[in-house]
Amino acid sequence: MKQELVPIHSFQQLTPEILELTFISDHLAATAQPGQFINIRVDNSFPLLRRPFSIFNIEGNKVSIIFNVIGTGTKVLARKRTGDTIDVLGPCGNHFLSFVDDSFDTALFIGGGIGVAPFPFLTSRYPAGKKVLTYVGGRQKDLIVQKGLRDPRIATDDGSLGFSGTVLDLIKRDLAASPVSRPRFFVCGPTRMMKAVAEYAKEIGASCYASLECDMACGIGLCQGCNIEMAAGDKKYRLVCKDGTIFETQSVKLP
Amino acid sequence: MKQELVPIHSFQQLTPEILELTFISDHLAATAQPGQFINIRVDNSFPLLRRPFSIFNIEGNKVSIIFNVIGTGTKVLARKRTGDTIDVLGPCGNHFLSFVDDSFDTALFIGGGIGVAPFPFLTSRYPAGKKVLTYVGGRQKDLIVQKGLRDPRIATDDGSLGFSGTVLDLIKRDLAASPVSRPRFFVCGPTRMMKAVAEYAKEIGASCYASLECDMACGIGLCQGCNIEMAAGDKKYRLVCKDGTIFETQSVKLP
Amino acid sequence: MIESFKLRDVEFKNRVLVASGTFGYGDEVPDLVDISRLGGIMTKSLSMKPRDGNPNPRITETSSGMLNSIGLANIGVHKFINEKLPALRAFDTRIIANIAASSVEEYCAVLELLDAESGVHGFEINVSCPNVKEGGLSFGTDPALVSRITRELRRRTAKPLIIKLTPNVTHISEFARACEAEGADALSVINTVIGMAVNIHKRTPKIATTTGGLSGPAVKPIALAKVYETVNAVKIPVIGIGGIVTWEDAAEFLIVGASMVQIGTANFINPSTGVTVAEGLKDFCAKNGLSDVGALVRTLQTNKTISVVDSWL
Amino acid sequence: MIESFKLRDVEFKNRVLVASGTFGYGDEVPDLVDISRLGGIMTKSLSMKPRDGNPNPRITETSSGMLNSIGLANIGVHKFINEKLPALRAFDTRIIANIAASSVEEYCAVLELLDAESGVHGFEINVSCPNVKEGGLSFGTDPALVSRITRELRRRTAKPLIIKLTPNVTHISEFARACEAEGADALSVINTVIGMAVNIHKRTPKIATTTGGLSGPAVKPIALAKVYETVNAVKIPVIGIGGIVTWEDAAEFLIVGASMVQIGTANFINPSTGVTVAEGLKDFCAKNGLSDVGALVRTLQTNKTISVVDSWL
Ligand SMILES: Cc1cc2nc3c(=O)[nH]c(=O)nc-3n(C[C@H](O)[C@H](O)[C@H](O)COP(=O)(O)OP(=O)(O)OC[C@H]3O[C@@H](n4cnc5c(N)ncnc54)[C@H](O)[C@@H]3O)c2cc1C
Ligand SMILES: Cc1cc2nc3c(=O)[nH]c(=O)nc-3n(C[C@H](O)[C@H](O)[C@H](O)COP(=O)(O)OP(=O)(O)OC[C@H]3O[C@@H](n4cnc5c(N)ncnc54)[C@H](O)[C@@H]3O)c2cc1C
Ligand SMILES: Cc1cc2nc3c(=O)[nH]c(=O)nc-3n(C[C@H](O)[C@H](O)[C@H](O)COP(=O)(O)O)c2cc1C
Ligand SMILES: Cc1cc2nc3c(=O)[nH]c(=O)nc-3n(C[C@H](O)[C@H](O)[C@H](O)COP(=O)(O)O)c2cc1C
Ligand code: FES
Ligand code: FES
């Protein structure tokens, strides 16, 4: 883990709502794993705290994130220019590949809205031999990112792109039509969606790993601010930033 | 006086240190007078307070200010782009022309550093018949703005441009060499320089009007935060933003 | 949409007022603000005699806030009545006279003068003033004195009497209860928080009086906590103040339990903040199916399962 | 350039420490921070038994600040001694154990356990904890209790004993004097300021415990004023805390009179803030011809002609 000032390489508008920001970091390129995040100080004094972003992809020494402008931090970030530097701390958190083993056959990557962010990087590093189905859901088509994904199946609430309905409805339909052997779900998105997917996984006896989000002050285990309640075990809480962000969904009480 | 969102027309680098920002405002073009200032909210939330800037010039409906990046507010301002809007409140304060009358013959416009800001606008609106001598001083040549001034005589502390020494030394030399009849000094710049000019004016029996600067919370008389102590009279304090910014220097206690 | 709120028989057309000391006497900004769209104006604090106020510098900016030590510069109650009030009477809003004084007697005398005037719709009492007889300690930090001031003023007016509390005390609820017991109609919470800033190059305080009053968004969390403590201590209405810039900020105060709010520092940035906040609250209520802005008041849902003892910071 | 400062016989290599609860136990960040360049580390508050801490959400950002209610989550003093201290002993800096407790007895017991350990160079006592026997009111708001805690702990240790005061009181000087009288070696000023924030869409507090502790640049002016009040009340050294992000911020505290400073919230943004602040102070002193950073301490020039009575806010 390192804190560095990195130069912005480029911006790309992936959808009318979603922007990809690419910067140069040898350190992250060499060390980061899919599912990890970086913590960005978007500006010197305002807003105060860093903002966490999933690593969207890494190609060579080019590292990218995606975001939509929803508040102060993302607004400042969107106003940066190529050549500006940003203050990046990372890589932070655990990663998806540590949950990839022989106990399952088919991975389902499920991204909801901006929660699709970690999957392109995961796709590029995923063991070649293992089967993957990729699902992306969102309220409408401007929130659907497909870049870097392999054959994504798409669902939108308003039907403006792909299947009309929730991404879970789409998954259920697909799995009913063509069952997969020993699936494991990897999900990132709004809490409600992750909860629904986790429940469904439990129903069908599949394991499910979710990348959780919460407000973070430090992102590196210093503040104890990002606790998540455990479903069982000796520890009542764990830290999303350090023990996660990825948790087996039955081990935690999703908020 | 009005609060408006105005579009930025252009930026121009006047010196390596000093930037001119031009925006469009019919309101200011129609109402502002030389020596007045505008109060700019450089961004939605940070810094908190508006920042006051002298009106540098007005051509048609194009209004401009000049500034150097010295802190948070000017840093944000310098990062704006053509087409962005800024939140401007003005025109504020009194103006130079109200102190132009028959009681003097020759005006000396004296600008120190960025304090040269009000003089181009004053130059463009100054009664054609009256004589003017323009002086500009600064630490070094990158802080000297000449745009919009008529035959400025220049002094730099380090001699990198024009006369080597303070602007007051230059004025003294010039006036000794070729005395002017019934001068009046109009000065804007660092307090120390304004004090020195005021003292000299007093010595030679000339009147002196200085545009003062101080921290302002509102710029329009609401906060009472910008008081200046009077030298005499029934009122102990007056407000720089409303009763000034221009004061006859013997009427106030310069800080 | 019902926006109004009543204190005694005085109806405020909406729940957004402008705070004392941040809007002059109300006559400074008419061309920038449509004053008839404000719930009311709290005047600059008035004392018996005019006050010059403190030396400069009086203000300095801090992170998301500002410090001030204006020193209650004001024209005095007589000049206010003679020169300002006639114009204010013409405004279609409520004028609440804010009173500052250096003795209980002065509070009473100023209030009596103003109570006789039409166009003064009520009083807000600034108790964050030095008690000259007691060596300059603030009235507002002594519950017995705040009690006494409230009692004496209550006897002298039938108009709404609002006590403005200082946050610079251990338990603001103690002061709130004292005011309620003596018949105050409402409480304004909060005045500024004591703060300080230093110019490290000159090694001097950034404001002439060394310490000053902190206001602006920086203090909003503090103000909300003080309002929360106050509304849980008394039944009389509380007027929330501190760092309000947007209607969302104002909604926080209403949800916590404030019946009205005041805009202070934000007036320096946008003098029409009060108007946009009132509009914003109205729209928010409309979107949420509420027919009265008052329906927001004290709707905070707290986690009752967390006891005080558990809630170590 | 002399950077060091001594409390009792314990020398801190410079005047910049990291604040309790913002740097873990000191073992979390070694690859990001050169700990040997810090004056010292105040550990996360330790209690006798491990504490899970409060439910989530525990933190929220505010304007130039943050609210937290971690609930003093900690591994307990035994685990600290067994699992953390061995690693900490290897660090080339001072380790000050911060203690939190829910009874005077617990404070004493935790201190006694730690006092016996090498590698614990001193104590900082967090009195902003609920007194369970007295219904959960904070120890830190009762001068008699703060006195008693100091007295009892002083009897039990010869190591530096620092009492960390809460700003949520009317007169912090009263508490400072009580600690000095009972033999405290220094005072840490300030802990967090009580604050609150509301999610207006859910109408819930933004942190689970409703109110929490405000920290960060927003509170710096408040902290400076509290340090100013404290240094004018006692002769023992004061450690300034609150909103320090840059060396300039730290210089403000030293100039006002703090002998050392602590970095809290800023560690979350840049874990190496302490190192850069210490460097910055050193350079600033060098540029100003000072050969000891301590030469900055209490060099504030105030305007003596402004009396308290004149300085109405
Ligand atoms: C581990 C982790 C990874 C993340 N990865 C990404 C990513 O790849 N791309 C991305 O765009 N964001 C990501 N986020 C969220 C991101 O960090 C920011 O919180 C978010 O973009 C808002 O920042 P802001 O300053 O613009 O908004 P703020 O000003 O902080 O918030 C503005 C408003 O938006 C709402 N809001 C804030 N955060 C969220 C949120 N996370 N979800 C929904 N509403 C919110 C709040 O209600 C708030 O009122 C991630 C968060 C975590 C914890
Ligand atoms: C009536 C009036 C007219 C003005 N006209 C102009 C103008 O035409 N062009 C222009 O550039 N500025 C002008 N100023 C000053 C301007 O408003 C800003 O205060 C200044 O540019 C700093 O803003 P900032 O946010 O960048 O710096 P801040 O972040 O506020 O300050 C950064 C640091 O700079 C120093 N500083 C702040 N303000 C000043 C100052 N005025 N002089 C010297 N040092 C300072 C402070 O010590 C501070 O530590 C005017 C001020 C007034 C009152
Ligand atoms: C410059 C200034 C002057 C003030 N003057 C007064 C005053 O005269 N009387 C008073 O009761 N409060 C006064 N206040 C306090 C405000 O009314 C308000 O309580 C405080 O600023 C907090 O609100 P805010 O954060 O919205 O500004 C003043 C505040 C400021 C910033
Ligand atoms: C997340 C967080 C946790 C904290 N935990 C403790 C603690 O355990 N014990 C303590 O004495 N102070 C604790 N504090 C208070 C800090 O040590 C410090 O006094 C306060 O945050 C003010 O400094 P700052 O503005 O630099 O953060 C905590 C502060 C924060 C923000
Ligand atoms: S965000 Fe600070 S510990 Fe996780
Ligand atoms: S700046 Fe507010 S009155 Fe002058």
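Letters A, B, ... mirror the listed sequences (proteins, then strands); counts begin at 1.
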| said: So, taking the atom named SG in B:Cys223 and the one named CE in C:Met66, what distance separates them when rounded to the nearest 0.5 Å? | reply: 5.5 Å
| Relative to chain C, which segment of B:Lys235 carries a heavy atom at a distance below 4.5 Å: side chain, backbone, both, or neither? | neither
| field | Nearest heavy-atom neighbours spanning B:Gly225 and C:Ile59 | value | O-CG1, 3.7 Å
| Do B:Arg50 and C:Glu61 sit within salt-bridge range, that is, some charged N less than 4.0 Å from a carboxylate O? | no
| query | Is it the side chain or the backbone of B:Lys2 that comes within 4.5 Å of chain C heavy atoms, both, or neither? | reply | backbone
| message | On a heavy-atom basis, which atom in B:Pro255 and which in C:Asn56 lie closest, and how many Å separate them? | response | CB-ND2, 4.4 Å
| query | Got a donor-acceptor contact below 3.5 angstrom from the C:Arg58 side chain to the B:Cys226 backbone? | reply | no
| request: Measure the spacing between CG of B:Leu49 and OG1 of C:Thr62 and express it to the nearest 0.5 Å. | output: 8.5 Å
| field | Under 3.5 Å donor-acceptor, B:Asn227 side chain and C:Asn54 backbone | value | yes
| message | Given heavy-atom pairs under 4.5 angstrom as the criterion, report whether the side chain, backbone, both or neither of C:Val29 touches chain B. | response | side chain
| query | Which bit of B:Arg238 comes within less than 4.5 Å of chain C, counting heavy atoms only: side chain, backbone, both or neither? | reply | neither
| note | Among residues 260-276 of chain C, residues within the sub-4.5 Å heavy-atom range of chain B, in order of number, are C:Thr265, C:Asn267, C:Phe268, C:Ile269, C:Asn270, C:Pro271, C:Ser272
| task | Give a yes or no on this: more than 12 heavy atoms of other residues, nucleotides or ligands lie within 6.0 Å of atom CZ of C:Arg89. | result | yes
| request: Measure distances from B:Asp87 to the heavy atoms of chain C and classify the residue's part below 4.5 Å as side chain, backbone, both or neither. | output: side chain
| Heavy atoms, side chains only, cut-off 4.5 Å: are B:Tyr237 and C:Pro55 in contact? | yes
